[in-house]
Amino acid sequence: MSHTRADFDQYMVPNYAPAAFVPVRGAGSRVWDQDGREYVDLTGGIAVNALGHCHPALVFALNEQGSKLWHLSNAFTNEPALDLAQKLVDATFAGRVFFCNSGAEANEAALKLARRAAIERFGDKKHKVLSALNSFHGRTFFTVCVGGQPKYSDGFGPKPAGIEYFEYNNLAALEALIDDDTACVIIEPIQGEGGVVPATAAFIAGVRALCDRHHAFLIFDEVQSGAGRTGSLYAYQEFGVTPDILTSAKGIGGGFPLGCMLTTHDIAKHLAVGTHGTTYGGNPLACAVGNALLDVVNTPVVLAGVKAKRALFVAALNQINEKYAVFADVRGMGLLIGAELSPAFAGRAKDLLNLAVKESLMILMAGPNVIRFAPSLVITDEDIQEAMQRFERAVAAFTV
Ligand SMILES: *Cc1c(COP(=O)(O)O)cnc(C)c1O
């Protein structure tokens, strides 16, 4: 049965506003719509398709596990989950892993763990959560309230208490808020939805020191920055600052719903049997895909490739900018790239995105002023070149 974009408005809850075309197939960094029109995809499913569309290693893992064992519940453990947990422990600071299905669920687990551990160690008063303004941590009610964008959490009734906000990259602002009642500080090493804003090295190091001074847990939300996106497996490794709890989702499943929370053995003890859980979390099918993804991504060739490909993007964007003076800033880390519109074009990122679609190019926004690119980590140099040519045509049309 064939459907059109109009059917979306007839059958779906209206909380999204999808593009006018309907994709039906993808391979690598290319996508085809119902009419057979081909697009270059620089959205990567919002930093999810770390290996592009239908990467052979992921398709193989999915098919192989798909005829073996899909789901058990957490009344049983399984081999793919144990494999993936061991790999994550070996590759990071973590001693223990909790699996779930999304970024919001990973952050929900991290925040619950931080409060639980702080309260068990220091008493009921130690439950304050400190979070950055303009941050994004997911859409469950706890995580959206911890997120620093009230427009996403207003209008749903009473919010959980004990959450306060500081300005990102402003250490003095955090220092003024943090105290011995603080259970945790949560930050994105690069604010993704908030406009592709990287933390400064001094800020990240300062946050770690303040957390240590007040026995507060430091949570890095690496849902968008993780799984190789920066050219390290996790962005904390780029900064050389280790969190107590780290959350990962998006890229770690390569397109299959998978999230996880990493922490140390000591902190993990506070999530004793029965304190937290999820039906699907860590199911064999998702973990089999996660294993295949990690085996490909966590290699020197792919991680070094991320940095080389970033250089190609940045050079092309700077060249376009020299001609059209459209950007005030090109920033980000690895293959999470933000291009902020110059004041003359303020608020018009959506117009540029629509013009890109006309040139058969898929790109993202990060707020009304920033164009965001989050392509496959293994996008070919030819696809980058083709995409930047299409993007230049969109920019030319945008600036007339
Ligand atoms: C996307 C995102 C989330 C939410 O992830 P979902 O899988 O949509 O729940 C949380 N934190 C950050 C930094 C994100 O980019």
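First listed ligand is number 1; within each ligand, the first listed atom is number 1. Just so you know, these numbers use all the heavy atoms, side chains as well, and skip hydrogens, waters and symmetry mates.
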inquiry  = Evaluate Glu175 against Arg213 for salt bridge (charged side-chain N to carboxylate O under 4.0 Å, His left out), listing each step before the verdict.
reply    = CA-CA 11 Å; Glu175 192 163 12; Arg213 192 188 307 163; 3.5 Å; yes
Within a distance under 4.0 Å of any heavy atom of [X], pick out the atoms of ligand 1 and give their elements.
X	answer
Lys250	1 (C), 2 (C), 3 (C), 14 (C), 15 (O)
Asn107	10 (C), 11 (N)
Ala104	4 (C), 5 (O), 6 (P), 9 (O)
Gly138	4 (C), 10 (C)
Glu188	13 (C)
Ser102	7 (O), 9 (O)

Any Val144 side-chain heavy atom under 4.5 Å of His137 side chain =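 Side-chain contact under 4.5 Å: no.
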ask   = Are the aromatic ring centres of Phe220 and Tyr234 under 6.0 angstrom apart?
value =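 No, they do not, as the ring centres are separated by 6.0 Å or more.
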query = Using a distance-only test with no angle check, is there a side-chain donor-acceptor pair under 3.5 angstrom linking Asp221 and Asn107?
reply =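 Yes - a donor-acceptor pair under 3.5 Å links their side chains.
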Does ligand 1 come near enough to [X] that some N or O of the ligand is less than 3.5 Å from an N or O of the residue?
X	answer
Val223	no
His137	no
Ala249	no

inquiry  = Closer than 4.0 Å and a protein heavy atom, does any atom meet both conditions relative to atom 9 (O) of ligand 1?
reply    =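 Flag for atom 9 (O) of ligand 1 set to true, protein heavy atom closer than 4.0 Å.
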For atom 6 (P) of ligand 1, closest protein heavy-atom neighbour =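 Checked against all protein heavy atoms, atom 6 (P) of ligand 1 sits closest to Gly103 N, 3.4 Å.
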task = Can you pull out the closest protein heavy atom to atom 11 (N) of ligand 1? Residue, atom name and distance to 0.1 Å, please.
result =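 Going atom by atom, the protein heavy atom closest to atom 11 (N) of ligand 1 ends up being Asp221 OD2, 2.7 Å.
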query = Taking the inter-plane angle between the rings of Phe327 and Phe391 on a 0 to 90° scale, is it parallel (under 30°), tilted (30 to 60°) or perpendicular (over 60°)?
reply =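 Ring orientation, 0 to 90° scale: parallel.
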inquiry  = Over 60° means perpendicular and under 30° means parallel, so tell me whether His276 and Phe98 are parallel, tilted or perpendicular.
reply    =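 Rings of His276 and Phe98: tilted, 30 to 60°.
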Is the closest basic N to carboxylate O distance between [X] and [Y] below 4.0 Å?
X	Y	result
Asp212	Arg208	yes
Glu222	Arg229	no
Lys309	Asp381	yes

task = For ligand 1, indicate whether the residue Thr247 contacts it via side chain, backbone, both or neither (heavy-atom separation under 4.0 Å).
result =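 Contact part for Thr247 vs ligand 1: neither.
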